Amino acid sequence: MDIDWTLAIIAALWAIILGGAGGALTEIGEWYRNLKKPSWQPPDWLFGPAWTVILGLSGWSLYLAYSKAQFFPDHILIAALFGVNFVLHLAWSPLFFKSKRPDWALFENVFLWLSVAALCFFLSGYSTLAAWLNAPYLAWVSFAFVLNWKIVQLNRPFGRTAVD
């Protein structure tokens, strides 16, 4: 099998940029440390390695599906699926950490989950492996949704400012 190096670099950059930007937009500061969190939340150090593996697998799925697609409209569909996922993935951290709105992040997480589910569903038409490579992503975003929901439940309401 010949490797399409341009596509491989694009797929790798998709994962690297998404992981790096997500990490850069995540602020583990006093506000976050003071949030009530469930006892079953993984340690903070686990999120970086988990996302690295998950996004690496998803990048590989991009390469597989795109290289198996034979027609231009299929390439557009795959690029659109990954593009939408990219934007939705990037949106979560600023909502949660920068805006300090876990409630907004929870709402956004629904759309992120749908974008990952769409990757699993649509990529199966090009490569079964490509679809399955996104299963850990779907599982982790599902877990993150439940965790986000619990943090909202334990800490709401958000967005109120103190009156002097």
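Everything numeric here is computed off the predicted structure, so don't read it as measured data.
In terms of heavy atoms, Ile78 sits closest to Ala65 at CD1-O, 3.5 Å. The shortest non-hydrogen separation linking Cys120 to Ala135 is SG-N, 4.2 Å. When all heavy atoms are compared, the tightest approach of Pro94 to Leu25 is CG-CD1, 3.8 Å. In terms of heavy-atom proximity, Val116 sits nearest to Val141 at CG2-CG2, 4.4 Å. Nearest heavy-atom pair across Gly22 and Leu90 is N-CD2, 4.1 Å. The two residues Pro42 and Phe47 come nearest to each other via the heavy atoms O-CE1, 3.7 Å.
The distance from atom CH2 of Trp132 to atom CG of Leu64, rounded to the nearest 0.5 Å, is 15.5 Å. A distance of 5.0 Å separates CG in Leu55 from CG in Leu18, rounded to the nearest 0.5 Å. Atoms CD and CZ, from Glu108 and Arg101 in turn, are 14.0 Å apart once rounded to the nearest 0.5 Å. Interatomic distance, Asn109 CG to Phe145 CZ, rounded to the nearest 0.5 Å: 6.5 Å. Here Leu35 contributes atom CG and Lys100 contributes atom NZ; the two are 10.0 Å apart, rounded to the nearest 0.5 Å. Phe82 contributes atom CZ, which lies 10.5 Å from atom CG of Leu77 (distance to the nearest 0.5 angstrom).
Geometrically, Lys37 engages Tyr32 in a cation-pi contact defined by less than 6.0 Å to the ring centre and at most 45° from the axis.
Remark: the backbone N or O of Ser115 is not paired with any side-chain donor or acceptor of Asn85 at under 3.5 angstrom. Within the 3.5 Å criterion, the main-chain N or O of Glu30 finds a donor-acceptor partner in the side chain of Asn34.
Linking Ile, Leu, Val, Met, Phe, Trp and Tyr whenever their side-chain heavy atoms come within less than 4.5 Å leaves Trp140 and Leu95 in two separate clusters. Note on Leu133: it clusters hydrophobically with Val53, by side-chain heavy-atom contacts below 4.5 Å among ILVMFWY residues. Note: the hydrophobic cluster containing Leu62 also contains Phe121 (ILVMFWY, side chain heavy atoms under 4.5 Å, direct or indirect links). A chain of hydrophobic side-chain contacts below 4.5 Å, direct or via other Ile, Leu, Val, Met, Phe, Trp or Tyr residues, connects Phe86 to Leu7. Taking hydrophobic clusters as Ile, Leu, Val, Met, Phe, Trp and Tyr residues chained together by side-chain heavy-atom distances below 4.5 Å, Ile10 does not share a cluster with Tyr126.
Contact check for Leu154 versus Pro38: side-chain heavy atoms found under the 4.5 Å cut-off. Contact annotation: the side chain of Ile3 approaches that of Tyr63 to within less than 4.5 Å [non-hydrogen atoms, C-beta and beyond]. Side chains of Pro102 and Asn155 form no contact here, defined as non-hydrogen atoms less than 4.5 Å apart.
Between Ser58 and Asn134, the side chains place a donor N or O and an acceptor N or O closer than 3.5 Å (distance only, hydrogens not considered). Judged purely by distance below 3.5 Å, without hydrogens or angles, the side chains of Trp104 and Ser99 never pair a donor atom with an acceptor atom.
Annotation: Phe143 is in aromatic contact with Trp40 [ring centroid separation under 6.0 Å]. Aromatic ring centroids of Phe111 and Phe107 lie under 6.0 Å apart. Aromatic pair His89/Trp14: ring centres not closer than 6.0 Å.
Between Phe97 and Trp31, the two ring planes are perpendicular [angle over 60°; tilted spans 30° to 60°]. Relative ring orientation between Trp92 and Phe96 is described as parallel, the plane-to-plane angle staying below 30° on a 0-90° scale split at 30° and 60°.
Taking a 6.0 Å sphere around CH2 of Trp60, one finds it holds 12 or fewer heavy atoms contributed by other residues, nucleotides or ligands.
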Working for side-chain contact (heavy atoms from CB on, under 4.5 Å), residues Lys36 and Ile151:
CA-CA 7 Å; Lys36 295 175 198 153; Ile151 289 171; over 6 Å; no

Chi angles and distances behind the side-chain contact (heavy atoms from CB on, under 4.5 Å) call for Tyr66, Asp4:
CA-CA 10 Å; Tyr66 200 90; Asp4 179 342; over 6 Å; no

